[in-house]
Amino acid sequence: MSLIRGISRVSIRRLINLAIIPSRPSTTPRIDNNSTLTCRRKYHVEGLALAPVVFSGLFVALWTWKCFMLVIFQNKIIYMPGLPPNARWEKIQDYASRCAGIRWREERVRATDGTDLALCVTDVDLGPGATSIKPNVAFYILYFQGNASSIPPRLPDLSSALSMLKRSSMQWHGRSIRCTMVCLSYRGYWTSRGRPTEKGLSMDAAAALDWISQMHRNTDGGEDRESRPSANAELVLWGQSIGAGVATNVAAEVPIPPNVHLDSLILETPFTSIRAMLEVLYPQKWLPYRHLWPFLRSHLDSWKNLGIISEKYGTEKLPPEILILEAAKDELVPQELSQQLYDRCLDVQLSVTKKAVSGAFHNDTMFRGDGRRAVSDFLSHRIAPARV
């Protein structure tokens with residue numbers, strides 16, 4: 001029994017000794033009470049430069065993306081046929097009571113590419129003996145609107161100018177004169193089909209000119225120019241805002257039908273070119289807009305067109321005369337641009353008159369009495385030689 005107890009005590013001691021696992025030597029440095037611990041903080045240059053790089057990259061990406069969008073959708077910015085939202089559903093009869101007795105009608109034409117276009121047309125017989133019979137002289141005014149809205153809301157102001165012209169013609173004596181005004185609705189505007197582009201607008205204007213030529217041939221005997229006194233067909237191109245650019249494009253580049261003679265141009269609140277407007281609207285050099293002019297698809301360069309008009313019609317006995325009508329309080333086009341066009345006309349020896357409409361903003365020169373009177377007086381001045 002005592003032997004068993006002795007063996008058990010020895011076994012237990014061995015087991016205890018085996019269970020004890022020796023610990024590894026500690027790698028933690030000992031800190032002497034008499035020594036001081038020094039901690040050093042390390043700065044990483046990569047981390048400090050990361051934030052400026054990220055924000056600069058975001059700015060450049062946004063700048064590039066906006067440039068890309070502006071180039072792709074530039075026609076959506078220049079031409080806005082959907083503003084205001086009801087522009088495509090306007091009707092002539094909704095404004096008939098405000099047209100001072102001038103009766104308008106809608107006509108349809110097709111451009112050379114098959115695009116269906118709308119015209120607003122009216123005939124006004126001038127002089128004290130105004131009659132509906134065939135006139136001795138026919139004047140045609142082809143009107144080009146601005147970049148937004150549609151033709152019907154403009155009819156009351158245009159009618160008022162025509163009424164002023166009709167009243168002033170009561171003092172005339174001589175041959176009978178008929179003035180026909182044709183307002184072109186660009187492709188994509190009002191009830192016209194298609195999408196607006198500068199090239200498309202030139203085709204639209206050419207279609208309107210062909211319609212005028214055909215109408216003059218049918219109603220006024222324009223084919224037999226030598227045997228009929230009514231063969232004279234004088235044309236006035238009238239454009240407002242971007243329409244002024246379209247008017248100069250037509251005069252410079254679009255062939256005028258042989259039975260129609262370009263008499264004059266009315267440039268209402270014009271600008272020199274789309275590129276110039278980019279610099280005016282966005283003068284800050286760090287903004288992308290003004291630097292995108294090499295990618296423009298629409299130029300409407302009236303400054304260049306005036307030189308071409310001078311070369312094209314300079315040899316004629318009566319080259320076209322130009323009226324520049326500027327708004328004194330124009331919030332979009334600065335007066336410097338209309339002054340540049342005026343100086344350009346003088347440089348290329350084109351007869352020009354400039355009139356500033358007092359108190360007028362960019363889109364309401366015809367709303368002002370001075371604006372309507374300036375147009376009426378200019379038309380009367382141009383028609384006066386033809387009625388003698």
Exercise: identify the closest heavy-atom pair between S192 and R187: CB-CA, 4.0 Å

message: Under the side-chain hydrogen bond (donor to acceptor under 3.5 Å, both in side chains) definition, can you give me all pairs with a residue in residues 141-159, not counting sequence neighbours?
response: W104-S159

query: What side-chain hydrogen bond (donor to acceptor under 3.5 Å, both in side chains) pairs are there with at least one residue in residues 235-248, not counting sequence neighbours?
result: W238-E268, Q240-T269, Q240-N363, S241-H362, T248-S302, T248-N305

message: Considering only residues two or more places apart or on different chains, which pairs with a residue in residues 177-204 satisfy ring pair (Phe, Tyr, Trp, His ring centres under 6.0 Å)?
response: Y186-Y189

field: Residue pair M277, L337: steps toward the side-chain contact (heavy atoms from CB on, under 4.5 Å) verdict
entry: CA-CA 9 Å; M277 286 303 299; L337 296 187; 3.7 Å; yes

Tell me every residue that passes salt bridge (Lys or Arg N to Asp or Glu O under 4.0 Å) with [X], counting only those two or more places apart in sequence or in another chain.
X    : value
D370 : R373
D364 : R368
E336 : none

Without swapping roles, check the side chain of [X] against the backbone of [Y] for a donor-acceptor pair under 3.5 Å.
X    : Y    : value
R372 : F367 : yes
S310 : V348 : yes
S376 : L165 : yes
E279 : A276 : no
R297 : V71  : yes
R275 : W293 : no
T197 : G200 : yes
E234 : I383 : no

query: Are the charged groups of D123 and R105 less than 4.0 angstrom apart, N to O?
result: yes

Using side-chain heavy atoms (C-beta onward) and a distance below 4.5 Å, is [X] in contact with [Y]?
X    : Y    : answer
F144 : V250 : yes
N259 : R217 : yes
L201 : P196 : yes

So for atom [atom1], which belongs to [X], do other residues, nucleotides or ligands contribute more than 12 heavy atoms lying within a distance under 6.0 Å?
X    : atom1 : result
R193 : CZ    : no
Q349 : CD    : no
R108 : CZ    : yes
K304 : NZ    : no

message: Would you say D210 and Q214 are linked by a side-chain donor-acceptor pair, where the criterion is simply a distance under 3.5 Å?
response: no

- prompt: ring-ring contact (aromatic ring centres under 6.0 Å, His included) with H216: which of Y140, W211, F139?
  reply: Y140

